[in-house]
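It should be emphasised that the depicted structure is a prediction, and the values quoted were computed from it without experimental measurement. Chain naming here is simple, since letters A, B, ... match the order of the sequence lines and numbering starts at 1 in each.
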Amino acid sequence: MTVEAMTVEKQDAVARFEATRSAYNRHKRIYTLLFWSAFAVCLVLSIIQSQFDLIKLANGLPRSTGFIIKMYSALTWENFGADLVDWFWGFDEWAKALATSLMMAFTATVLGTTFGGLLSFVASRNLMEKYWLYFITRRTLEIARTVPDIVWALIFIYPFGVGPLAGVLALTVHTTGAQGKLFSEVNENIDLKPIEGIRASGGNWFEEIRFAVVPQVLPNFLSYTFWRMALNVQAATVMGFVGAGGIGYELINAVKLLYFLDVGAILLMIIGTVFAIDMLSEKCRHYFIGQETLGG
Amino acid sequence: MATSGIESLGPEDIRSHKERYPRVFSRTPRERITSWLSWSAGFLFLLYCMWDIGFFSEKFYGSLGKLAVMLGQMFPPTGWDQFPTFADAILETLAMAFVGSLIGGIAAIPLGFLAAKNMMPIRPVQFGTRRFADVLRSADYLIWGLIFVRAIGLGPLPGIMAIAIIDTGILVVLYSEAIENIDRKQIEGVKASGGSGLEVIRFGVLPQVMPILLTNALYMFESNVRAATILGIVGAGGIGFLLTDNLRAFEFSNACLIILMIIVLVYVIDYLSRILRERYIRGDDYLQGDETQGEGSLIGNIMAKFKKSGS
């Protein structure tokens, strides 16, 4: 190959590269333009539909801040201890309601995870050979998960009456759906060889699940369960808004009666508890994921 | 030969191995007792909770029949004459989630930089921003909604603010984790060519983290749509208000229609958001040899996706 030919080929390569690049850039510009116009249209429509109003917002923000400041105005430096005792005058009652919330979350997590875990094996495409059974279970779990827990609570309030029972059932149904869906996704990603091994040694479906699937998925199940516990604690704090038990009832009453200080005290308790449970759940998850990597 | 393979292991060998390595064969008695005790303690606590909440009462079993009657009354869904009102409220729900997510997603960007260890050298500020974000997200959507309804008044605005606040709280943590995981070399490159602090962020950091930030913001939009459906329970706008209203008035079949509409809304949004995430945020696969995928119209691509995952 002569030097001239090489130069021509090089120029050719450069030209081709430039052509591809400009085509790519043009293409990208069109997409960017399309995307941003669609985005702008959505935004304008949303602002109209939701009556988003900056003036109203500007008026509302100072009032909201004032509201929040009033919640925490009980404390003075000179008399801190006595103020604190005074502020938390209803501590016993609130703590009891908070404990109910925690018990609701615990019960719903355990029951929901049990049901969801059992159903997840039926709702996994690779484990369930009967398609119709898989399909029905999967869709049922999806509906249980898609309907928000507080809506389940609104439904259960009617037959079960006001109280934590309706709240626990609502959280349980939602947890069953959520866990069932997440768990079945875990199940669908397992190694299938152990199943063949169990089948080859004459095991039935239940034995396949117990000895080939469960050991593979258990760490993930546990990790999701701790995560769900934290979410359920948060959800249980607002169940009382619709009368389904727990601290939410105390909170919504205090807000309705404009007892700002009580609202502040109860909020502090709720945020502290949710925060603590969140940290604890994180610790447990890391512990079990650590075990998984050790074992795997 | 006892050591030549697994098939030649006799019961004798197994016993001797069991004596030498007991923990391979079974847990120690102490471990077994601890495990057994903690499981039964947990189970007893569960039973206590269930008893305390009222699972073992007459009321519970008596109400099961009532529940069945109620579920029977929910079907078939009615209230189609009010469909336009419901659809309007559904759109309001969606709009609230969109505006709230946008505000939260943008507000979380500067806070995310403040909360990232590699961007914020002043430790108390970094730590303080994270804890502030934790406090924002520790209270539920409904709690923020309730507070803002009291301060601002009924309507979608307090709902938007509740969504924006929780969105910010969660995204600050996710954003700052994404920023902490970036490649330092690109930052050094920009610095070496004389870039200022802002230029480092614009050309060294943002191109790396933008896809992750967008993906997280979209995830949050999905979850905000779910939240927006219930904010109406405390009067903060959206479909939740009509749902509560119908349930309180014992119009169960109307409520059923609303719940079905919520399910459809959530499904559609999840589906669209998944397409956007997988197809349009995941970077430039156009240049990476997959040219046929980059061609064709947006609608064509969405339809192709539909065919692929619809099966």
Worked check of side-chain contact (heavy atoms from CB on, under 4.5 Å) between A/Gln234 and B/Arg137: CA-CA 10 Å; A/Gln234 197 170 359; B/Arg137 70 190 166 88; 5.7 Å; no
Segment of B/Leu247 engaging chain A (4.5 angstrom heavy-atom cut-off): side chain
A/Gln51 vs B/Leu157, side-chain contact (heavy atoms from CB on, under 4.5 Å): CA-CA, chis, key distance, verdict: CA-CA 7 Å; A/Gln51 303 144 41; B/Leu157 191 63; over 6 Å; no
A/Leu61, part contacting chain B, at a heavy-atom distance under 4.5 Å: side chain
Spatial distance of atom OG1 (A/Thr107) from atom CG (B/Leu46) [nearest 0.5 Å]: 5.5 Å
Nearest non-hydrogen partners of A/Arg145 and B/Asp270, listed with the distance: NH2-OD2, 4.2 Å
Part of A/Ile155 lying under 4.5 Å from any heavy atom of chain B: both
Proximal component of B/Val135, with respect to chain A [non-hydrogen, under 4.5 Å]: both
Structural part of A/Asn59 lying under 4.5 Å from a heavy atom of chain B: neither
B/Arg150 side chain vs A/Lys256 backbone, donor-acceptor pair below 3.5 Å: yes
Centroid separation A/Phe67 to B/Phe148 less than 6.0 Å: no
Interface residue of largest heavy-atom contact number with chain B, from A/Leu57, A/Val147, A/Thr237, under 4.5 Å: A/Leu57
Aromatic plane relationship, B/Phe45 with A/Phe106 - under 30° parallel, 30 to 60° tilted, over 60° perpendicular: tilted
Within 6.0 Å of NZ in A/Lys56, more than 12 heavy atoms from elsewhere: yes
B/Ile53 side chain near A/Met104 side chain, heavy-atom distance below 4.5 Å: yes
A/Arg63, CZ atom: more than 12 neighbouring heavy atoms under 6.0 Å: yes
Residue selection (most heavy-atom pairs with chain A, distance under 4.5 Å) from B/Ile147, B/Ile262, B/Val69: B/Ile147
B/Asp140 CG to A/Ile270 CD1 distance, which is reported to the nearest 0.5 Å: 9.0 Å
Proximal component of A/Ile252, with respect to chain B [non-hydrogen, under 4.5 Å]: both
A/Phe39 side chain near B/Leu102 side chain, heavy-atom distance below 4.5 Å: yes
Heavy atoms of other groups near B/Phe60 CZ, more than 12 under 6.0 Å: yes
Heavy-atom pair of closest approach, residues A/Met103 and B/Asp52: CE-OD2, 3.2 Å
Residues, nucleotides or ligands: over 12 heavy atoms within 6.0 Å of B/Phe56 CZ: yes
Heavy atoms from other residues, nucleotides or ligands near CZ of B/Phe252 exceed 12 (cutoff 6.0 Å): yes
Side-chain heavy-atom pair A/Leu154, B/Ile233 within 4.5 angstrom cut-off: yes
Residue pair A/Pro148 / B/Thr229: nearest heavy atoms and the distance that separates them: CG-OG1, 3.7 Å
Under 4.5 Å from any heavy atom of chain B - which part of A/Val255: both
Distance in Å, A/Ile277 CD1 paired with B/Ser138 OG, rounded so as to fall on 0.5 Å steps: 11.5 Å
Residues B/Phe55, A/Leu169; criterion side-chain contact (heavy atoms from CB on, under 4.5 Å); working and verdict: CA-CA 10 Å; B/Phe55 268 95; A/Leu169 290 173; 4.0 Å; yes
B/Met70 versus A/Tyr158, closest heavy-atom pair with distance: SD-CD2, 3.5 Å
Nearest heavy atoms of B/Ala95 and A/Ser46, plus distance in Å: CB-O, 3.4 Å
Side-chain touch A/Glu142/B/Ile263, heavy atoms, less than 4.5 angstrom: no
Leading residue by heavy atom contact count with chain A [cutoff under 4.5 Å; candidates B/Leu91, B/Val149, B/Leu71]: B/Leu91
Heavy-atom closest pair, residues A/Ser50 and B/Val99: OG-CG2, 4.0 Å
Centroid separation B/Phe98 to A/Phe52 less than 6.0 Å: no
Best-contacting candidate, B/Leu146, B/Ile230, B/Thr93, against chain A by heavy atom pairs under 4.5 angstrom: B/Leu146
Expected output: side-chain A/Gln49 to main-chain B/Met96 donor-acceptor under 3.5 Å: no
Approximate separation, where rounding is to 0.5 Å, of A/Ile157 CD1 and B/Arg248 CZ: 8.5 Å
Residue pair B/Arg131, A/Phe275: steps toward the side-chain contact (heavy atoms from CB on, under 4.5 Å) verdict: CA-CA 10 Å; B/Arg131 291 293 89 83; A/Phe275 197 72; 3.8 Å; yes
Distance in Å, B/Ile160 CD1 paired with A/Asp53 CG, rounded so as to fall on 0.5 Å steps: 10.0 Å
Region of B/Ile103 that comes under 4.5 Å of a non-hydrogen atom in chain A: side chain
CZ on B/Arg226 to OG1 on A/Thr146, rounded to 0.5 Å: 6.0 Å
Any A/Phe160 side-chain heavy atom under 4.5 Å of B/Leu64 side chain: yes
Enclosure of B/Leu44 CG (heavy-atom neighbours >12, cutoff 6.0 Å): yes
Segment of A/Ile271 engaging chain B (4.5 angstrom heavy-atom cut-off): both
